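Source: prediction; values computed, not measured.
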Amino acid sequence: MHFRAKTTGVVLASSLTTIAGHCVRALSGETWTLSSAALNTTVPASFPSHAHLDLFKAGIQSIDVFFFFSHSPSYHGLNDFKLRWIADANWTYTSGPISDLLNEYESTWLVFDGLDTFAAVTFCDEFIASTDNQFRQYAFDISSSLRNCKGDPVLSINFGSAPNIVNAIAEDPKSEKWPIQLINEYPNRWFMRKEQSDFGWDWGPAFAPAGPWKPGHIVQFEETGNIHISSSPGIPFIEITNLKSSEVLTARPLDNITVSNGSIQGVTVLSGLRPEIWWPSGLGDQNLYNISIMVNDSHGQILGCVTKRTGFRTIFLNQRNITIEQLSQGVAPGANWHFEVNGKEFYAKGSNFIPPDAFWPRVSQAKMTRLFDAVVAGNQNILRIWSSGAYLPDFMYDLADERGILLWSEFQFSDAMYPVNDEFLENIAAEVVYNVRRVNHHPSLALWAGGNEIEILMLPLTFALDPTGFPKYLEEYEKLYISLILPLVYENTHSISYTPSSTTEGYIDVDISAPVPMTERYGNLEPGSYYGDTDYYEYNTKVSFDYWLYPVGRFANEFGFHSMPSLQTWQQAIDPEDLSFNSTVVMLRNHHYPPGGLSTDNFQNTALGMGEMTLGVERYYPIPAKSDPVANFSAWCHATQLFQADVYKSQIQFYRRGSGMPERQLGSLYWQLEDIWQAPTWAGIEYDGRWKVLHYVSRDIYQPIIVSPFWNYVSGDFEIYVTSDLWESANGTVKLTWFDLSGHPIAHNAGTPTSISFDVGAINTTKIYSANVKRLGLASVTDSILMLSLRADGRPPNAANLTAVFTHDNHFTPAFPKDLALVDPQLEVMYNDLTDKFVVEAKSGVSLYTWLDYPAGLVGYFEENAFVLHPGQKKEIGFITQENSTDSKWQQKVTVSSLWDQKVRD
């Protein structure tokens, strides 16, 4: 075990709680106001906050309207367009007089954990500093200003309009121009170190907020210039405690410590320790430890004590060349691209995380706890923390540590080319070092990636438009993501891998001493070989289920299709008269495809995205035709979710099957986990936490052992595979039963075996059956369904010698859902007070996509949903309540429906 301790002149307020001779005063405890020349008034404010949030709280919805009792939410209607006046203005946060800053504290500092983004700070009418990076912590010495202040000082922070400032930077003749940049709404986002999606994205709004988005403090020390550390301090002491057992793993002094220029630093090896290992969810326990380090001065007085919670594990992104041993096992040539934890490769099952709100100050720990619980319940073990949102707050890494969710983390660059002038790179370097060090102790941290879709998208686009100038742009890319960021990551962490771009074909060579320390592959690919991870979107719904068109690679890090949120979620944000699939408000809240500028008349682009969802439903599912317009809108929303879920299911099954194919595919992360607001997006979980069909379906298909049908509807060829991500082989049986849609068994089981035994290898797949649908004994392909039921014995990872029983159910219809001869299943749902569960039964007919729905005011999920029931079958299903603001009778409002109800007129 290696440990590096370093204390520098930068004041980290969150780490100072046990340092002697200091006082930390939270700025949240002061009285704050918000003002602007555009507003021509002053309103109460909070800290941390954003201007939008304080204006909404005060009831201000437009530049000339002041409603004291308004409760209109920031996401209501078309506020994305109507509230641009807020982003176009400058906003000033001003404190009340700050009293009782005692004179005996000779050194006083202002510490800001996050200012968003272009800010000028004054204290006691004296200019202190300006900032231009949302992602950095800033510490300013205000000792002199405080001493010279007459009366109680006032702190003022003026935030400039980010859109106006970056436009001015872009107009500067010295600013670089590129052959192409991707604009969603506001332009020129690449000139700022601010959350890039604040300027709009194809799944979210463009509010471009400003304000003190993270906490701030006034920190005072007894001695001038930070903590005094003598040239001969006492010996630092370390204590490591197991949080679960309270056992002290070790308590000892540290050696190899040096003191220089006011800092203590060193690397020490703690030999002889045998900590319990931390594992991702599904692979073992999440063992956590507190590590405390105490620093004494030369007289034995405690200068400070810092405690961090951590876990012991190794995590490695393997991009090495395929070995001779792998070749002998049937793995195709090329290079690996998969994660290994504690020396063991595993199948990464997860999704992509976007900002959960346009305004981070209202992202609560309670809401994120519910979301991370849903991730674990969804059988996911990894999230890709997409750029460009924001670096996650510490409490979210804590949640991931506790729940065993690996976090593939990225630096905040996305779908753009960025400046590489010295000033910009210096700003980025400080951002990188701060954030790498800030989260380095978390065992959930799995990877640092340079940015999103730079290599796979921006470099090819730049080359296509300017092949002559491309060497210059490639050099700039390498200067930022390889020559600058890569060494900074490796200088500040010794356990985390780095890749320059989210989707990449990997590297050929790494030489840390070289000017460009990583040589990337850039399409230098050998035929028949596989390299890197894949990014795949196909909006031509004619081929959505053509699995032979899916990309074949080592890892799938992005793929998906958009859908509508539920009626209950729409009702949170839009008025009743707008609850229509193609209403103006619904269409303009759809940002796929984005306007590419500040136009509020985006019907041409948004109609394309709405049309893709519409065609997806019409090509494969019954078309809703309810007489009640709101019920019809709800049915259409649900239909788009059915299509979305089936598209993801098809791809996840394909990628997981790849674990046993020559590509040795070891990861599937779909786009995207959750929503930033109420609108059509790729999310599986809606803004308030309600699960779409997708999250239920992905939860099912992410189980450890699954049975999967693969159907080529063109040729009629049909195969069944069993796939396992266990670390040891498993064996069992799959039962195959053909029914007609009335629930009657098909004669002779259509010529298909009723049961097939299987053995499946570790992280592998095996084909158990193949046929051609045209040669099966089916009287009608539109009146047939194959039920698949798997039961297997296997040993879960890190389960000693214990074996477990794994089950999985799936189904296959030899026709698309819209063509099936559906029969009314006569569904019933009853709530059992004694068991606190819902009992669902199909009285007659096979129920496809059986869907339990709960009323508004409740957040949670059913233990199972979107399943198949055959006549006479009963399912008992519980509901996990995460938040409840309804009355105690909500269980009586739970409804059940199926594919049959989608086509039935009411």
Side-chain angles (χ1 to χ4, degrees), residues 27-96 115-116 119 154-164 185-186 198 200 204-216 355-364 366-367 568-579 584-585 588-589 600 676-679 687-688 856-857 883 885:
L27 292 176
S28 59
E30 306 303 322
T31 300
W32 291 91
T33 58
L34 175 70
S35 61
S36 173
L39 184 62
N40 197 30
T41 189
T42 298
V43 300
S46 300
F47 197 116
S49 191
H50 272 135
H52 286 78
L53 301 181
D54 292 318
L55 293 172
F56 296 138
K57 188 174 181 180
I60 296 179
Q61 301 175 72
S62 68
I63 200 167
D64 55 359
V65 181
F66 197 168
F67 295 114
F68 282 99
F69 300 105
S70 168
H71 296 287
S72 177
S74 55
Y75 283 166
H76 184 264
L78 297 179
N79 275 354
D80 179 28
F81 303 135
K82 293 179 180 179
L83 298 179
R84 285 178 177 163
W85 64 273
I86 301 176
D88 290 340
N90 297 343
W91 296 96
T92 301
Y93 280 81
T94 305
S95 75
L115 297 175
D116 184 11
V154 169
L155 173 62
S156 179
I157 313 170
N158 178 262
F159 291 91
S161 164
N164 293 340
E185 291 187 48
Y186 287 105
D198 280 350
F207 286 109
W213 74 297
K214 282 189 172 184
D357 202 292
F359 307 101
W360 276 95
R362 68 180 181 189
V363 176
S364 68
K367 182 176 180 178
Q568 296 95 324
T569 292
W570 275 119
Q571 289 172 327
Q572 299 167 9
I574 68 176
D575 296 324
E577 61 268 23
D578 295 318
L579 294 172
T584 295
V585 174
L588 292 180
R589 287 178 73 94
T600 58
I676 195 173
W677 68 334
Q678 306 94 337
Y687 176 67
D688 71 342
E883 184 180 5
S885 60

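Closest of all the heavy-atom pairs between Ala358 and Pro205 is CB-CG, 4.4 Å.
In this structure the side chain of Arg589 reaches within 4.5 angstrom of the side chain of Ile574, judged on heavy atoms. Counting only heavy atoms from C-beta outward, the side chains of Leu83 and Phe56 approach each other to under 4.5 Å.
Residue Thr569 holds its OG1 atom at 4.5 Å from CG of Asp688, rounded to the nearest 0.5 Å. We find the OH-CG distance between Tyr93 and Leu115 to be 11.0 Å, quoted to the nearest 0.5 Å. To the nearest 0.5 Å, atom OH of residue Tyr186 and atom CZ of residue Phe207 are 9.5 Å apart. Going from atom CG of Asp198 over to atom CZ of Phe359 covers 8.5 Å, rounded to the nearest 0.5 Å. For the atom pair NZ of Lys82 and OG1 of Thr600, the computed distance is 10.5 Å after rounding to the nearest 0.5 Å. Thr92 contributes atom OG1, which lies 9.5 Å from atom CD1 of Ile157 (distance to the nearest 0.5 angstrom).
Using modelled atom types, no side-chain atom of Asp116 and backbone atom of Gly211 make a donor-acceptor pair closer than 3.5 Å. Here the side chain of Ser156 pairs no donor or acceptor atom with the backbone of Thr94 at under 3.5 angstrom. Panel note: side chain Trp85, backbone Ala38; no donor-acceptor pair is recorded below 3.5 Å. Checked by atom type and distance alone, the side chain of Asn90 pairs as donor or acceptor with a backbone atom of Ser161 at under 3.5 Å.
By the 6.0 Å and 45° rule, Arg362 stacks over the aromatic ring of Tyr75.
If you run side chain to side chain contact (heavy atoms under 4.5 Å, CB included) between Lys57 and each of Ser49, Ser46, Pro44, only Ser46 comes through. When each of Val43, Leu155, Asp54 is checked for a side chain to side chain contact (heavy atoms under 4.5 Å, CB included) with Trp32, only Leu155 meets the rule.
Using cut-offs of 30° and 60° on the angle between ring planes, the pair Trp213 and Trp360 is perpendicular.
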